[in-house]
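First comes the structure, then the notes that go with it.
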Amino acid sequence: MIPNDTIAAIATPAGEGGVAIIRISGPGAREILSRAFSPAPRRDRMLTYGHVMDAGKPIDEAMAVFLPAPHTYTREDVAEIHCHGGRYITRRVLALVLSLGARAANPGEFTLRAFLHGRVTLDEAEAVMALVNAGGEAAGRAAMRQLNGGVSAYVHGLRDRLVDQIARIEAHLDFPEEVDEEFTRTELIAALSALEGELRAQADERRARVVRDGASCVLLGAPNVGKSSIMNALAGSERAIVTDIAGTTRDVLTERISLGGLLIELSDTAGVRETGDEIEKIGVERARAAAAAADAVLAVFDAGTPWTPQDKELLSALDARAICVLNKTDLPVRKSLPGAIEVSCLTGEGLDELQRAILKALDAPQAGENALVCERHIALAREALAEIRAALDAARARVPLDALSVHLHAALNRLGEITGEDATEDVITRVFQNFCVGK
């Protein structure tokens with residue numbers, strides 16, 4: 001049900017600042033602004049100088065604007081008071097607005113009203129908070145694509161393809177003599193197979209997490225192979241202490257960097273070796289644990305020394321997440337390793353190639369890809385995927401075609417929940433509970 005009352009909230013972050021914005025939305029916005037602010041704006045949609053007034057007395061020098069419906073964020077009348085950003089004055093102005101008839105807004109209620117009035121779909125509404133919370137360029141790009149309708153358009157395309165297959169089945173059921181069952185089944189299997197493969201690729205939880213939250217990359221290797229130097233080179237600062245003394249790094253040292261728009265938590269670790277030093281032994285254990293949990297591992301070897309048993313042991317333990325790095329190539333090279341990235345932190349040689357290798361290993365979606373990023377969207381897409389697979393299995397097992405449409409309708413509904421077309425009131429409530437007040 002679309003609400004008909006007026007709400008208000010502080011729309012800027014809590015704390016002290018140059019300006020704070022009190023946002024009001026609803027049918028009483030114009031009247032409340034005219035009573036709280038003097039002079040009232042002479043023209044709609046123009047920010048006007050004046051004073052916030054309480055019982056005929058000015059309490060702040062401010063700017064205000066009135067925006068008539070429907071061309072507003074909520075598609076309701078909206079007013080904003082831009083007062084000074086101190087804690088006391090923002091609360092005082094909000095209290096004044098509430099005393100004049102507005103109600104304190106719930107978390108996300110402005111965006112909820114935008115959704116209820118049809119200004120945004122549910123996934124576009126979620127993109128608002130995704131953009132607010134984006135910690136890196138890749139996350140911001142994904143949120144903007146979602147906000148601009150990219151996810152809605154992609155999901156609608158998937159739903160259209162499902163509807164086409166449901167229509168194909170119904171055409172056979174309604175006109176069995178004209179629409180051949182065997183041809184229908186063959187076409188259905190081909191279409192659903194393509195849909196299954198595409199949706200599986202675009203609903204990858206790991207790739208989404210890398211874009212949304214960032215990735216972890218751990219440097220692993222024996223002592224003195226140059227892990228700390230590589231970390232400093234990638235971070236662009238002297239973050240890790242570099243010496244020729246084995247065991248200088250005793251613990252996991254972490255630095256956040258941006259690479260290709262992705263946030264990456266880069267971790268330098270203790271040199272992996274057998275040691276009787278109890279403190280160093282703890283560091284080695286932590287290094288192995290960090291590498292086991294990482295999205296990518298930089299396995300670093302000293303190119304200027306022959307292969308050692310420690311090197312060979314590390315090499316044999318690597319998995320698909322590993323990028324092998326031959327460091328110190330400015331020295332006489334005494335190792336070779338096919339596929340390894342050859343790097344010199346002294347000259348900078350190979351560092352660009354190493355950065356590209358890290359991004360390739362993380363396999364993050366590129367700008368413009370249809371990949372889903374929001375956790376809720378991925379969960380629903382995977383439920384839809386399970387229904388599509390069930391329909392495929394049934395089609396291949398020669399189950400009657402009318403039984404397949406049950407799975408396809410279920411998949412259609414799961415995808416509809418992403419955009420809000422088939423979302424229940426409980427789902428909508430949960431989505432907006434995660435928003436901040438004032439948005």
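This chain uses plain numbering: 1 for the first residue, then up along the sequence. Below, each value reflects all heavy atoms present in this structure, side chains not excepted, and no hydrogens, waters or symmetry copies. The model shown is predicted, which means the values in this text are computed figures rather than measured ones.
No hydrogens or angles considered: nothing links the side chains of Ser25 and Tyr73 as a donor-acceptor pair under 3.5 Å. Checked by atom type, the side-chain pair Ser228/Asp268 shows a donor-acceptor distance below 3.5 Å. Side-chain contact of Thr419 with Ser152: a donor-acceptor pair under 3.5 Å is absent, judged by distance alone. The closest side-chain donor-acceptor pair between Glu387 and His409, if any, does not fall under 3.5 angstrom. Using modelled atom types, one finds a donor on one side chain and an acceptor on the other under 3.5 Å when comparing Tyr154 with Glu198. Counted by atom type alone, Ser216 and Glu265 present zero donor-acceptor pairs between their side chains at under 3.5 Å.
Formation of a donor-acceptor pair under 3.5 Å by the Thr72 side chain with backbone atoms of Glu76 is found in this model. Of the possible polar contacts, none joining the Glu383 side chain to the Leu380 backbone as a donor-acceptor pair under 3.5 Å is found. Between the Arg321 side chain and the Ala294 main chain, a donor and an acceptor come within less than 3.5 Å of each other. Formation of a donor-acceptor pair under 3.5 Å by the Arg206 side chain with backbone atoms of Leu362 is found in this model. Using a distance-only test at 3.5 Å, with no hydrogens or angles considered, no donor-acceptor pair links the side chain of Asn327 to the main chain of Val300. Of the possible polar contacts, none joining the Asp60 side chain to the Ile89 backbone as a donor-acceptor pair under 3.5 Å is found. Arg376 contributes a side-chain N or O that, together with a main-chain N or O of Ile418, makes up a donor-acceptor pair within less than 3.5 Å. Judged by distance alone, with hydrogens and angles left aside, the side-chain atoms of Asp302 form a donor-acceptor pair with the main-chain N or O of Gly304 at under 3.5 Å. For Thr269 (side chain) and Leu219 (main-chain N/O), a donor-acceptor pair under 3.5 Å exists by modelled atom type. The backbone N or O of Leu412 sits less than 3.5 Å from a side-chain atom of Arg159, completing a donor-acceptor pair.
Between Arg356 and Glu353 no salt bridge is recorded (no basic side-chain N to carboxylate O distance below 4.0 Å). Residues Arg398 and Glu182 are paired through a salt bridge, judged by an N-O separation under 4.0 Å between the basic side chain and the carboxylate. For the pair Glu196 and Arg389, the salt-bridge criterion is met [side-chain N within less than 4.0 Å of a carboxylate O]. Taking 4.0 Å as the cut-off between side-chain N and carboxylate O, Asp311 and Lys335 count as a salt-bridged pair.
Residues Asp213 and Arg256 approach most closely at O-NH2, 3.7 Å, considering heavy atoms. Between Phe115 and Ile428, the shortest heavy-atom distance links the atoms CE2-CD1, 3.6 Å. Heavy-atom minimum distance, Ile22 versus Thr90: CD1-O, 3.7 Å. Among all heavy-atom pairs drawn from Leu372 and Ala381, the shortest one is CD1-CB, 3.6 Å. A pairwise comparison of heavy atoms in Gln165 and Leu192 identifies CG-CD2, 4.3 Å as the closest pair. Scanning all heavy atoms of the two residues, the minimum distance from Lys227 to Ala222 falls at NZ-O, 3.1 Å.
The shortest side-chain heavy-atom distance between His172 and Leu401 falls under the 4.5 Å cut-off. No side-chain heavy atom of Asp123 sits less than 4.5 Å from a side-chain heavy atom of Val155. Ile169 places a side-chain heavy atom less than 4.5 Å from the side chain of Leu408. Residues His117 and Arg113 form a side-chain contact, since some pair of their non-hydrogen atoms from C-beta on lies under 4.5 Å apart. Taking the side chain as every heavy atom from C-beta outward, Ile358 and Leu262 never approach each other to under 4.5 Å. In this structure, Arg396 and Ser193 have side chains that are in contact, with non-hydrogen atoms separated by less than 4.5 Å. A heavy-atom distance below 4.5 Å is found between the side chains of Val65 and Leu67. Taking 4.5 Å as the limit, some side-chain heavy atom of Ile81 sits within range of a side-chain heavy atom of Val52.
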Could you please spell out the steps behind the side chain to side chain contact (heavy atoms under 4.5 Å, CB included) verdict for Ile341 and Leu326?
CA-CA 6 Å; Ile341 309 295; Leu326 283 179; over 6 Å; no

Please report the C-alpha distance between Glu187 and Arg185 in whole Å, then the side-chain angles of each, then the deciding distance to 0.1 Å, and finally whether the side chain to side chain contact (heavy atoms under 4.5 Å, CB included) criterion is met.
CA-CA 6 Å; Glu187 292 293 302; Arg185 188 181 299 274; over 6 Å; no

Walk me through whether Val151 and Arg145 qualify under side chain to side chain contact (heavy atoms under 4.5 Å, CB included).
CA-CA 7 Å; Val151 170; Arg145 177 182 165 275; 3.6 Å; yes

So Ile230 and Leu354, side chain to side chain contact (heavy atoms under 4.5 Å, CB included) or not? Walk me through it.
CA-CA 10 Å; Ile230 290 176; Leu354 178 58; 4.0 Å; yes

Residues Thr329, Ser344; criterion side chain to side chain donor-acceptor pair (under 3.5 Å); working and verdict:
CA-CA 5 Å; Thr329 55; Ser344 169; 4.7 Å; no

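Considering only residues two or more places apart in sequence or on other chains, Arg382 meets the side-chain hydrogen bond (donor to acceptor under 3.5 Å, both in side chains) condition with none of them. Checked against side-chain hydrogen bond (donor to acceptor under 3.5 Å, both in side chains), Arg209 has the following partners two or more places apart in sequence or in another chain: Asp295.
Crowding of Glu16 atom CD: a count of heavy atoms from other residues, nucleotides or ligands under 6.0 Å not exceeding 12. Within a 6.0 Å radius of CZ in Arg91, other residues, nucleotides and ligands contribute 12 heavy atoms or fewer. Within a 6.0 Å sphere centred on CD of Glu375, other residues, nucleotides and ligands contribute 12 heavy atoms or fewer.
For the side chain to side chain contact (heavy atoms under 4.5 Å, CB included) with Ile378, the lone residue among Arg207, Glu205, Gln202 that qualifies is Glu205.
How far CE of Met231 is from CG of Leu298: 11.0 Å, rounded to the nearest 0.5 Å. A distance of 5.5 Å separates SG of Cys324 from CG of Leu315, quoted to the nearest 0.5 Å. Between the OG atom of Ser336 and the CZ atom of Phe301 there is a distance of 12.0 Å, given to the nearest 0.5 Å. Once rounded to the nearest 0.5 Å, the distance linking CG of Leu162 with CG of Asn413 reads 10.5 Å. Here NZ of Lys328 is found 7.5 Å from OG1 of Thr305. Values are rounded to the nearest 0.5 Å. Within the model, atoms CG of Leu263 and CD of Glu137 stand 10.0 Å from one another, a figure rounded to the nearest 0.5 Å.
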Give the table of side-chain donor-acceptor pairs shorter than 3.5 Å for residues 429-439, with sequence neighbours excluded, one pair per line with atom names and distance.
from: Thr429; atom 1: OG1; to: Glu425; atom 2: O; distance (Å): 2.9
from: Asn434; atom 1: ND2; to: Arg430; atom 2: O; distance (Å): 3.4

